[in-house]
Amino acid sequence: MAAPDQKLADVEKTSSHSTSIVADETYIDPKGNETLHRGLNARQISMISLGGAVGTGLIIGSGTALVRGGPLGLFLGYSFVGFICYLVMVSLGEMSAYIPHKRGFAGYATRFVDPAVGFALGYNYLMKYLIVTPNNINAAGAVLQYWQGGREVHIGVWMCVPPHSNYPDWRLTPSPVFLINLLGVRVFGELEFWFSSIKVLALIGLILMGIIIDLGGNPKHDRIGFRYWNPPYGPMGEYLNKQIPHRKSLTTFLGFWTTLINALFAYMGTELIGVTVGEAQNPRRNIPIAIRRTFWRILIFYVGGVFVIGLIVPRTDPTLFVANTKKVGAAASPFVVATTLVGIKVLNHVINGAILIFVLSAANSDLYIGSRTLYGLAVEGKAPAVFKRVNRLGVPYPALILCTAFCFLVYLNVSSSSQRVFGWFVNLVSTFGAITWMCIVWTHIRFMKALKVQGYSRDDLPYKAPFQPWGAYFALITTGIITFFKGYDTFIPFKTDTFVTAYIAVPTFFVFWGGYKLYFKTKLIPLKQVDLISGKREIDEEEEEFLAEQAKLGPRTRWQRIWDSL
């Protein structure tokens with residue numbers, strides 16, 4: 001197999017149009033210390049992506065999906081959306097490996113589709129991360145309520161009240177994640193690697209625990225097997241059966257459809273690799289590696305995790321977390337419910353502690369991605385210039401401060417239950433995320449067409465995405481269908497708050513898109529004029545410098561190679 005740099009050289013040689021497009025300086029990344037630093041290696045990138053994706057959607061939100069979709073519906077829903085997620089990831093990986101710039105995937109939309117699409121996508125993704133960070137802090141508050149010991153402790157107590165003799169010293173203000181992000185990408189990357197490593201070990205432990213419980217290794221010596229896949233628990237669930245009586249087939253289908261919506265939210269975050277490319281070492285090698293690793297880890301943990309959950313927890317258990325109920329359940333996670341059902345003591349507290357690390361780690365990586373997205377918009381001139389300022393560690397601190405300020409949206413749960421707020425945030429985040437996925441695959445479709453029209457061969461790219469081009473079209477259409485019908489239950493009966501949060505992101509995106517297009521009079525870029533050159537030479541030189549520095553260090557030892565492969 002040819003080396004990535006040799007492949008890129010071959011691409012330029014085989015293109016009959018390579019000299020027809022003049023490099024545009026606006027697409028060239030800033031240089032020097034006053035820009036993001038490339039300090040993330042492959043293991044850190046893959047772990048950051050895993051840390052940002054594995055969180056409330058699996059550990060907490062899967063309870064809602066189990067109640068409504070049943071164990072089989074839960075498994076099928078997460079498997080199907082997991083495949084869509086994979087198609088989005090490989091589409092992003094092909095573009096990111098070719099031009100790993102510092103502007104995120106909004107930058108790809110700007111140069112491959114239309115600057116108006118890049119503008120709308122950038123702000124769409126920014127709004128997602130302005131919301132998802134407080135969502136994870138809110139979920140952490142729900143987890144902490146498990147330890148309130150029968151006392152009615154308001155969730156707001158966990159957010160800001162100083163230590164008191166009656167309450168543990170838990171404070172979920174944004175300060176800790178803000179300080180970690182402020183320390184620079186190298187410190188952030190290493191800390192997030194270890195946080196996410198704890199997630200991996202905990203998830204492996206939870207899956208093994210579930211299998212052991214299912215096979216009878218529990219205090220009750222009860223071999224559960226597939227009991228909860230049989231009536232009255234499963235295999236499929238029902239949803240809105242009170243509103244739609246005597247229509248079992250329809251309510252069963254609606255229950256399954258709900259698992260697709262929950263899974264869409266659960267997988268949101270895997271695409272953040274497209275943002276980390278700006279701070280990745282040797283990105284043309286490390287980004288494809290990280291995408292492959294992340295896919296297998298997410299697939300195993302999500303699909304394997306929900307399969308085990310469906311084995312050990314009945315969908316009819318009243319303590320499961322359901323996002324639209326008003327009462328705080330006895331546990332925030334199906335895994336905690338499982339230990340309680342079989343009479344395992346103490347372990348439920350250990351699991352709850354691990355879950356707390358899960359959601360706080362996700363909040364940490366979410367804040368990182370939000371600040372980098374705003375920085376990328378500023379570099380493109382689509383946000384105030386102050387947000388492209390960085391400190392000596394390469395941290396865009398004005399962008400970080402603004403994103404941290406939005407974390408105080410978590411205090412919405414002071415007037416509403418944490419479950420209700422969680423439901424609002426899930427609606428908003430899943431729609432913002434779905435629009436992002438659709439824009440990524442649409443951009444990749446345009447990228448592939450431009451390569452063909454301009455005489456490039458995809459076989460010579462540093463990373464060639466499998467299942468293309470049909471995979472991108474499949475992901476675009478299916479994600480669009482799920483998004484369009486995701487808020488169907490807001491009409492049965494009509495609920496204003498859930499309807500608004502389910503769909504407000506769609507008109508918001510088109511307002512950004514249309515407003516920018518009308519003001520700047522932009523048009524869809526013709527395929528022959530799509531810029532496939534600008535910034536590539538500078539990235540080539542940057543990569544050569546990095547490889548030369550690595551060569552000076554001498555060959556890697558066996559343990560160093562093992563460490564790098566994690």
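Counting from 1, the numbers follow the sequence of the chain as shown. Note that the structure is a prediction, hence the values are computed from the model and not measured.
Aromatic ring orientation, Trp229 versus Phe226: perpendicular (interplanar angle above 60°, classes split at 30° and 60°). Relative ring orientation between Phe105 and Tyr125 is described as perpendicular, the plane-to-plane angle rising above 60° on a 0-90° scale split at 30° and 60°. Between Phe494 and Phe499, the two ring planes are tilted [angle within 30° to 60°].
Annotation: side chain of Ile211 is in contact with side chain of Val308 (closest heavy-atom distance under 4.5 Å). Contact check for Glu94 versus Phe447: side-chain heavy atoms found under the 4.5 Å cut-off. Contact of the Leu76 side chain with the Phe256 side chain is registered, since non-hydrogen atoms from C-beta on lie closer than 4.5 Å. Side-chain atoms of Leu240 and Asp489, non-hydrogen and from C-beta on, do get closer than 4.5 Å to each other. Residues Tyr267 and Met89 are not in side-chain contact: their nearest non-hydrogen atoms beyond the backbone lie 4.5 Å or more apart. Within the 4.5 Å cutoff, side-chain heavy atoms of Trp513 are placed close to those of Val117. In this structure, the side chains of Val441 and Leu87 stay at 4.5 Å or more apart for every pair of heavy atoms. Side-chain atoms of Leu66 and Pro314, non-hydrogen and from C-beta on, never get closer than 4.5 Å to each other.
Between the OG atom of Ser365 and the CG atom of Leu191 there is a distance of 12.5 Å, given to the nearest 0.5 Å. Rounding to the nearest 0.5 Å places CE of Met268 at 4.5 Å from CH2 of Trp437. To the nearest 0.5 Å, the span separating CZ on Phe265 from CG on Leu428 amounts to 10.5 Å. Interatomic distance, Lys495 NZ to Thr490 OG1, rounded to the nearest 0.5 Å: 6.5 Å. Here the CG-OH distance, from Leu130 to Tyr123, works out to 10.5 Å after rounding to the nearest 0.5 Å. The line from CD1 of Ile84 to OG1 of Thr479 is 5.0 Å long, rounded to the nearest 0.5 Å.
A salt bridge is absent between Arg111 and Glu380: the closest approach of a Lys/Arg side-chain nitrogen to an acidic carboxylate oxygen does not fall below 4.0 angstrom.
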Chi angles and distances behind the side-chain contact (heavy atoms from CB on, under 4.5 Å) call for Ile492, Ile244: CA-CA 9 Å; Ile492 315 173; Ile244 311 176; 4.3 Å; yes
Might you work through the side-chain contact (heavy atoms from CB on, under 4.5 Å) test for Ser62 and Asn262, ending with a clear yes or no? CA-CA 7 Å; Ser62 56; Asn262 278 87; over 6 Å; no
I'd like to know whether Phe474 forms a side-chain contact (heavy atoms from CB on, under 4.5 Å) with Phe83, so could you lay out the CA-CA distance, the side-chain angles of the two residues, the decisive distance to 0.1 Å, and finally the verdict. CA-CA 10 Å; Phe474 180 80; Phe83 179 62; 4.0 Å; yes
Tell me, with the steps shown, if Val90 and Tyr463 meet side-chain contact (heavy atoms from CB on, under 4.5 Å). CA-CA 9 Å; Val90 297; Tyr463 173 70; 3.3 Å; yes
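Of the possible polar contacts, none joining the Tyr233 side chain to the Gly310 backbone as a donor-acceptor pair under 3.5 Å is found. Under the 3.5 Å distance criterion, the side-chain polar atoms of Tyr239 are left unmatched by any main-chain donor or acceptor of Phe253.
For the residue pair Thr508 / Asn124, no side-chain donor-acceptor distance below 3.5 Å is found, with atom types taken as modelled. Side-chain contact of Lys486 with Ser430: a donor-acceptor pair under 3.5 Å is present, judged by distance alone. Side-chain contact, Lys382 with Thr110: a donor N or O sits under 3.5 Å from an acceptor N or O.
Nearest approach of Thr431 to Val506, heavy atoms of both residues: CG2-CG2, 4.0 Å. Heavy-atom minimum distance, Gly69 versus Thr259: CA-CG2, 3.6 Å. Heavy-atom minimum distance, Gly237 versus Arg315: CA-NE, 3.5 Å. Between Pro466 and Tyr86, the shortest heavy-atom distance links the atoms CG-OH, 3.2 Å. Residues Gly370 and Leu126 approach most closely at O-CD1, 3.6 Å, considering heavy atoms. Minimum interatomic distance between Ile300 and Ile207 (heavy atoms only, all atoms of both residues): O-CD1, 4.3 Å.
In this structure, Phe491 places its CZ atom where more than 12 heavy-atom neighbours from other residues, nucleotides or ligands lie under 6.0 Å away.
With sequence neighbours left out, Lys449 forms a salt bridge (charged side-chain N to carboxylate O under 4.0 Å, His left out) with no residue at all. Among residues two or more places apart in sequence or in another chain, the salt bridge (charged side-chain N to carboxylate O under 4.0 Å, His left out) test is passed with Asp317 by none. The side chain to side chain donor-acceptor pair (under 3.5 Å) check on Thr258 picks up Tyr488, with sequence neighbours excluded. Scored by the side chain to side chain donor-acceptor pair (under 3.5 Å) test, Arg227 finds Asp222 as partners (sequence neighbours excluded). In terms of the side chain to side chain donor-acceptor pair (under 3.5 Å) criterion, residue partners of Thr251 (sequence neighbours excluded) are, by chain and number, Glu238. Taking the side chain to side chain donor-acceptor pair (under 3.5 Å) definition, one finds that Ser371 meets it with nothing, sequence neighbours left out.
For Tyr473 and Trp470, the gap between ring centers reaches or exceeds 6.0 Å.
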